Amino acid sequence: MASAAPDKMAVSAPGFDSAPVTVASHAPQLDDEDMSDDEPLIRKKVNGSGAKKRIGGDSSNSSDDDEKPLSKKPRVSNGMTSKKRRVVDSDSDESDAGPSVKKEPEPTPKTNGTSKPRSSTAKKTAPPATDSDLSEDDKPLAKRTTTNGNGSGKANGNGKPTSAAKPKAKATKKAPSSDEDSPSLSEESSSEDEKPLAKRKPVPKPRQSAGSTTTTAAAKKKVKAEPESDDDDDDVPLAKGKAKAKPTGKDKKPVVKKEKKVKEEEDEEEKYKWWEQEALGDGEVKWTSFEHNAVLFPPPYIPLPKNVKMKYDGVPLTLPPESEEVAGFFGAMIETDHAQDAKFRENFFKDFKTMLDKYPPKENVKVKSLDKCDFKPMFEHFEREKEKKKAMTRDEKKAIKEAKDKMEAPYLFAMVDGRKEKVGNFRAEPPGLFRGRGEHPKKGTLKHRLRPEDIIINIGKDAPLPQANIPGKWKGVQHDNTVTWLAHWKENVNGNAKYVFLSAGSSWKGQSDRAKFEKARELIKHVDKIRKDYTEDLKSKVMADRQRATALYFIDRLALRAGNEKGEDEADTVGCCSLRFEHVTLTPPNTVVFDFLGKDSMRFFQEVQVDAQVFKNIKLFKAEPKKKGDDLFDRLTTTLLNKHLNSMMPGLTAKVFRTYNASWTFQKQLKNTPKNGTVAEKIAAYNTANREVAILCNHQKSVSKNYDTSKAKHEDKIRALKYQRMKLRLQVFSLDPKLKKKRPDLAEDESDMDEDFFERHETDLLEKAIDNAKKKFEKENIKAEEEGEKKKDKKELDERLKEIKDEFKELRKERKSKKVEPRRGATEEKLLEQITKMDERIATAKVQLEDRDKLKDVALGTSKVNYIDPRITVAWAKRYDVPLEKLFSKTLREKFPWAEAEAEKNWVF
DNA sequence: AAAGTAACTTAGAACAAAATAC
DNA sequence: GTATTTTGTTCTAAGTTACTTT
């Protein structure tokens with residue numbers, strides 16, 4: 001049982017403190033100078049040079065591009081394809097703009113258009129590594145400049161540029177040792193604290209019912225289900241196959257539970273501190289008693305009011321509920337990009353027609369073309385409903401909420417060995433149209449409504465069998481205590497399994513999450529050797545080893561994912577091992593350009609300087625017989641790679657590198673925290689570090705649709721401040737002309753201002769002033785009336801307005817003459833002070849604008865939730881005295897209670 | 001070995017709520 | 001206040017990995 005991991009504790013971070021350099025080698029690299037760069041210039045666009053682009057574009061390079069027939073699974077081409085992802089390069093600014101062309105048509109990373117033969121047959125074509133190339137030196141380590149664009153696949157049909165391809169290059173450089181200062185880490189302590197102190201040793205807390213452990217692990221492999229007698233029982237073949245024996249130590253449980261429950265109820269506290277216990281291993285027994293209510297099904301479909309009908313070719317159709325519901329799925333989406341997408345429409349329509357055949361409209365109309373379908377009436381109805389809902393009174397809303405909470409209450413928690421644990425996704429997924437990401441071949445397909453007959457539940461043998469909230473019997477009931485899911489089903493669109501698990505804050509999830517980070521820390525101890533080995537293997541005479549080494553190099557330096565093979569029925573995305581010929585381009589002397597779609601069809605686009613040997617290897621891997629569509633690493637699979645990794649360190653797999661590099665980088669970046677800054681400044685430093693990690697992991701988000709507008713608005717706001725500053729400045733000069741000489745800095749005109757803006761701004765101000773005056777006047781009148789006084793004459797208002805207008809005329813005049821009369825009460829001193837204040841405001845606004853820009857397409861959340869060891873954050877917060885709640889939202893704190901408990905301020909990853 | 005199964009982690013979009021701007 | 005923007009949460013798709021079956 002559990003005992004498993006003795007070692008996991010104490011990891012020391014080699015070289016961390018000392019770090020200087022070593023670091024360099026550890027982290028993925030940030031080139032020289034670290035931080036800093038954030039500055040204005042942000043992205044150093046390295047690539048402007050044009051080199052990059054060659055990607056798909058000029059086929060020239062590849063000589064042959066025709067598809068390669070041979071590949072093994074000739075992915076059928078779906079003709080279209082090309083459409084998508086346009087990367088428009090929004091503002092040209094980005095790099096690419098440069099030379100020739102931006103990526104206009106589509107950068108199409110994926111050559112996909114046509115078919116992509118991703119074949120495995122292709123594998124094997126490669127020649128053995130001839131030694132030819134081995135050079136000896138390896139040198140510089142890669143320095144990467146990255147570019148990266150996002151152009152993610154989201155391309156909405158409409159030509160909106162959703163995203164431009166923008167390289168966000170970041171280059172951080174690091175000064176050699178500089179780290180010294182690291183504030184922190186108190187030196188030494190570190191070593192020790194490595195182990196999070198206390199805790200680490202599991203204080204064997206009486207795990208309650210002991211049962212668990214006691215239960216023999218024997219059960220180990222599945223316990224299978226037996227037909228629960230109660231109600232139905234036919235539980236299908238229960239879990240298919242496996243018959244397991246079950247150990248369950250059940251007996252005692254009931255008792256325990258009861259007591260526990262009571263306690264719990266009283267004071268919520270008493271939270272179970274699982275991290276103080278011994279961790280449990282993989283296929284081991286996870287529970288002894290397990291109670292829950294499985295899933296909550298959505299309410300049945302409620303037909304639309306009779307007057308709401310879709311039209312076909314102008315004719316309203318009366319649809320039976322079954323087909324009406326499907327029509328409604330699409331109807332609700334007509335304003336989204338999905339509804340414009342050809343593939344989505346095609347798939348939807350196919351399923352819709354099938355539905356109509358079975359449940360035809362009363363009108364006896366044959367629906368043959370989606371273009372003739374008009375879902376607008378449905379759409380509008382939904383919109384009205386939304387409005388109605390919004391307009392409900394507070395009480396109505398509250399009543400609804402209460403009803404909902406009541407309905408959900410039984411599903412919120414599960415009892416695990418007597419402990420109350422929060423369930424994650426207990427809702428059965430509602431029917432709808434499948435929204436696959438990127439060019440998913442199945443997008444738009446109808447996802448069926450689930451029934452109990454679709455669901456298999458996993459629950460304690462002695463637990464009461466849950467009764468579904470809609471009629472029906474479970475597909476199966478099993479009692480496998482080696483797994484943690486509550487329920488699962490197979491989804492009809494892709495045939496994928498879906499599971500209901502406990503929430504992220506549960507002990508099961510917490511334990512494995514912590515184990516994940518411990519494993520990543522374990523890697524610290526082995527990474528030097530691993531790097532040395534793969535660097536050596538880059539020159540191996542064995543092709544398979546050479547490829548593996550090269551892949552590992554990318555995984556380590558670029559944080560690529562493993563990259564399993566994918567099927568025909570999925571979007572064509574790749575990871576390291578599945579990179580194909582066309583995803584990597586070489587630019588001598590040592591630059592490699594990556595351009596491919598990764599998980600979720602997010603574009604990975606980077607120019608990287610690599611070791612000479614790596615460059616040579618890629619050239620070799622792309623050599624002759626190989627062509628577009630072939631695997632770059634034809635002798636490598638994720639299985640092989642992971643097997644090798646596992647031999648270097650137990651439990652090591654490709655994904656561990658991402659975790660390790662992300663956390664390591666984060667910790668390192670945090671050293672830039674200003675020791676004496678304000679809390680806001682520290683948080684900014686924290687976010688900057690977070691951002692570096694997000695960029696490393698290529699975590700992107702789509703740029704919000706109103707980003708441009710919003711940005712322009714902010715820019716105007718800054719200009720408005722500058723306008724005020726100008727007025728102040730000119731006033732001082734009127735007071736003291738000599739200042740012009742004395743303060744040349746004040747003599748300069750504000751940047752970024754032009755006549756156009758002045759006009760606009762002044763007009764704006766005028767309008768606002770008029771508006772305010774009117775409002776004020778009205779208000780005063782109302783008040784006067786209330787107090788029985790006489791209303792003021794309209795004339796008064798007119799006069800006031802006139803005054804305002806005159807003032808503005810004055811403004812204009814001042815602007816033309818560049819002379820501003822000091823306003824009453826103005827003194828040189830006061831004005832100068834105001835200018836200083838204004839400068840600050842302007843600077844702040846600018847920084848804010850830049851920050852926003854830097855984050856517009858970067859998603860920080862993913863790395864925070866999944867990759868960065870939360871203990872780094874906790875320790876940092878303690879060290880810099882920043883309240884943790886400013887860094888972790890409520891759910892994150894619930895997810896990481898263990899980190900809060902075990903990381904002291906000197907804790908290091 | 002390749003294909004398929006199972007279980008669990010990671011991911012961005014969509015939606016909801018809270019914070020700010022107006 | 002109300003509208004808008006930002007932040008946080010939910011949802012479920014899309015990965016990884018180990019294991020099993022063919």
Side-chain angles (χ1 to χ4, degrees), chain A residues 72-73 120-121 123 150 152-154 221-222 239-242 282-283 286 333 336-338 386 424-430 432 434-438 440 442-443 447 458 480 482-485 488 490-491 493-504 508-509 512-513 516 561-567 570-571 573-578 598-602 637-643 645-646 651-656 658-659 662 694 697-702 704 706-707 709-710 713-714 717 768 771-772 852 855 857 859-867 888-892 894:
Chain A
K72 110 182 342 43
K73 0 176 110 175
S120 44
T121 48
K123 278 183 168 282
N150 79 298
S152 43
K154 26 202 104 207
K221 247 5 206 182
K222 353 277 285 51
K240 26 305 251 16
K242 38 240 320 348
D282 217 13
K286 308 275 202 323
M333 301 174 70
T336 69
D337 294 342
H338 289 119
K386 263 189 236 162
N425 53 323
F426 57 81
R427 263 176 280 264
E429 292 178 14
F434 174 71
R435 286 144 120 105
R437 313 268 171 94
H440 193 116
K442 298 272 189 73
K443 64 182 165 185
K447 201 164 78 160
N458 186 48
D480 182 351
T482 64
V483 295
T484 66
W485 52 270
H488 103 266
K490 195 149 169 203
E491 153 266 334
V493 178
N494 297 294
N496 292 333
K498 296 287 188 120
Y499 293 81
V500 172
F501 290 111
L502 291 186
S503 75
W508 282 340
K509 293 288 189 174
S512 56
D513 207 33
K516 168 184 76 187
R561 296 188 182 81
N564 287 302
E565 284 292 325
K566 293 190 69 187
E570 304 174 273
T573 62
V574 302
C576 189
C577 296
S578 48
K599 183 177 179 181
D600 289 307
S601 291
M602 300 312 285
T637 64
T638 52
T639 307
L640 251 24
L641 177 66
N642 282 336
K643 233 171 224 150
L645 289 175
N646 196 263
L652 184 62
T653 62
K655 82 192 266 281
V656 179
R658 263 169 85 83
T659 310
C697 297
N698 200 40
H699 291 147
Q700 307 179 346
K701 68 177 179 193
S702 50
S704 104
N706 345 295
Y707 180 75
T709 318
S710 151
K713 216 154 125 188
H714 281 261
K717 234 182 241 169
K768 256 180 221 145
D771 236 47
N772 282 343
R852 272 170 47 101
L855 289 175
D857 54 356
L860 303 190
T862 307
S863 49
K864 203 187 237 185
V865 174
N866 304 300
Y867 288 101
F888 282 169
S889 65
K890 175 162 103 25
T891 37
L892 275 188
E894 277 166 13

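The model shown is predicted, which means the values in this text are computed figures rather than measured ones. To find a chain, count down the sequence lines: A is the first, B the second, and so on, and within it residues start at 1.
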Atom-pair distance (OH on A/Tyr499; C1' on B/dT10), nearest Å: 16 Å

A/Lys599 NZ to C/dG15 C1', straight-line distance once rounded to whole Å: 4 Å

Identify whether any heavy atom of A/Gly563 sits under 4.0 Å from a base atom; if not, whether one sits that close to sugar-phosphate; answer base, sugar-phosphate or nothing. sugar-phosphate

Length of the CG-P vector between A/Asn646 and C/dC19, whole Å: 10 Å

Should A/Arg437 and A/Thr573 be marked as a side-chain hydrogen bond (donor to acceptor under 3.5 Å, both in side chains) after you check the CA-CA gap, both sets of side-chain angles, and the distance that decides it? CA-CA 10 Å; A/Arg437 313 268 171 94; A/Thr573 62; over 6 Å; no

If you assign each of A/Tyr867 and A/Arg435 to its closest nucleotide in DNA chain B, which residue comes earlier from the 5' end? A/Tyr867

Pick the nucleotide of DNA chain B nearest each of A/Ala497 and A/Arg437; which residue has the one closer to the 5' end? A/Ala497

If you only use heavy atoms from C-beta on, which nucleotide in B/dC8, C/dT17, B/dA7 is closest to the side chain of A/Asn564? C/dT17

Which value, rounded to the nearest 0.5 Å, describes the distance between A/Glu491 atom CD and A/Glu429 atom CD? 7.5 Å

Has A/Lys516 got a side-chain N or O lying under 4.0 Å from the OP1 or OP2 atom of B/dT10? yes

Could you tell me whether the phosphate oxygens of C/dT17, OP1 or OP2, come under 4.0 Å of any side-chain nitrogen or oxygen in A/Lys655? no

Residue mapping more 5' on DNA chain C - nearest nucleotide basis, A/Gly436 or A/Asn642: A/Gly436

Listed by chain and number, what are the ring-ring contact (aromatic ring centres under 6.0 Å, His included) partners of A/Phe888, not counting sequence neighbours? A/Phe896

Nucleotide B/dG4, atom P - distance to CG of A/Asn496 in whole Å: 13 Å

Go through the structure and list residues passing side chain to side chain donor-acceptor pair (under 3.5 Å) with A/Thr336, not counting sequence neighbours. none

Return no unless some side-chain N or O of A/His440 is found under 4.0 Å from OP1 or OP2 of C/dA14. yes

Check every strand shown and say whether A/Lys447 touches a base, only sugar-phosphate, or nothing at a heavy-atom separation below 4.0 Å. sugar-phosphate

Of the nucleotides B/dA14, B/dA11, C/dA13, which has the atom closest to the A/Phe434 side chain? C/dA13

Say you draw a straight line from SG of A/Cys697 to CZ of A/Arg561; how long is it, rounded to the nearest 0.5 Å? 8.0 Å

Backbone N or O of A/Ala562 within a donor-acceptor pair of the A/Lys655 side chain at under 3.5 Å? no

Would you say that A/Asp857 contacts A/Gln700 through its side chain, given a criterion of any heavy-atom pair below 4.5 Å between the two side chains? no

Return the value, rounded to whole Å, for the distance between atom CZ of A/Phe501 and atom P of B/dA7. 8 Å

Considering only side-chain heavy atoms of A/Glu429, which listed nucleotide, C/dA13, B/dT9, B/dT10, is closest? C/dA13

Report yes if at least one side-chain N or O of A/Thr638 is closer than 4.0 Å to OP1 or OP2 of C/dT17; otherwise report no. no

Rounded to whole Å, how long is the line connecting atom CH2 of A/Trp485 with atom P of C/dT12? 19 Å

List in chain and number order the residues that pass ring-ring contact (aromatic ring centres under 6.0 Å, His included) with A/Tyr867, two or more places apart in sequence or in another chain; answer none if no residue qualifies. A/His699

Between A/His699 (NE2) and C/dA13 (P), how many Å, whole number? 19 Å

If you only use heavy atoms from C-beta on, which nucleotide in B/dA13, C/dG15, C/dT16 is closest to the side chain of A/Ser702? B/dA13

What does the list of N/O pairs under 3.5 Å between the protein and nucleotides 5-9 of chain C look like, with a distance for each?
from: C/dT5; atom 1: OP1; to: A/Lys713; atom 2: NZ; distance (Å): 3.1
from: C/dT6; atom 1: OP1; to: A/Arg852; atom 2: NH1; distance (Å): 2.4
from: C/dT6; atom 1: OP2; to: A/Arg852; atom 2: NH1; distance (Å): 3.4
from: C/dT9; atom 1: OP2; to: A/Ser889; atom 2: OG; distance (Å): 2.8
from: C/dT9; atom 1: OP2; to: A/Thr891; atom 2: OG1; distance (Å): 2.5

Respond yes when some side-chain nitrogen or oxygen of A/Thr653 is under 4.0 Å from OP1 or OP2 of C/dT17, and no when none is. yes

Anything under 30° is parallel, anything over 60° is perpendicular, the rest tilted; go ahead and classify A/Trp485 against A/His488. perpendicular

Residues which pass salt bridge (charged side-chain N to carboxylate O under 4.0 Å, His left out) with A/Lys516, listed by chain and number, not counting sequence neighbours: A/Asp513

Could you tell me the separation between the NZ atom of A/Lys864 and the P atom of B/dA11, rounded to a whole number of Å? 16 Å

Look at the side-chain N and O atoms of A/Thr573 and state whether any lies under 4.0 Å from the OP1 or OP2 oxygen of C/dA14. no

Using a 4.0 Å heavy-atom cut-off, does A/Thr639 contact any base of the nucleic acid, only the sugar-phosphate backbone, or nothing at all? nothing

What nitrogen or oxygen pairs link the protein and nucleotides 17-21 of chain B at under 3.5 Å?
none

If only side-chain N and O atoms of A/Thr484 are considered, is one of them under 4.0 Å from the OP1 or OP2 phosphate oxygen of B/dA7? no

Just to be sure I understand the rule, does A/Gly598 reach a base, reach only the sugar-phosphate, or reach nothing, if contact means heavy atoms closer than 4.0 Å? sugar-phosphate

Quick check on C/dC11: is either OP1 or OP2 less than 4.0 Å from any side-chain nitrogen or oxygen of A/Arg427? yes

Rounded to the nearest 0.5 Å, the OG1 atom of A/Thr638 sits from the CD atom of A/Glu565 at a distance of 8.0 Å

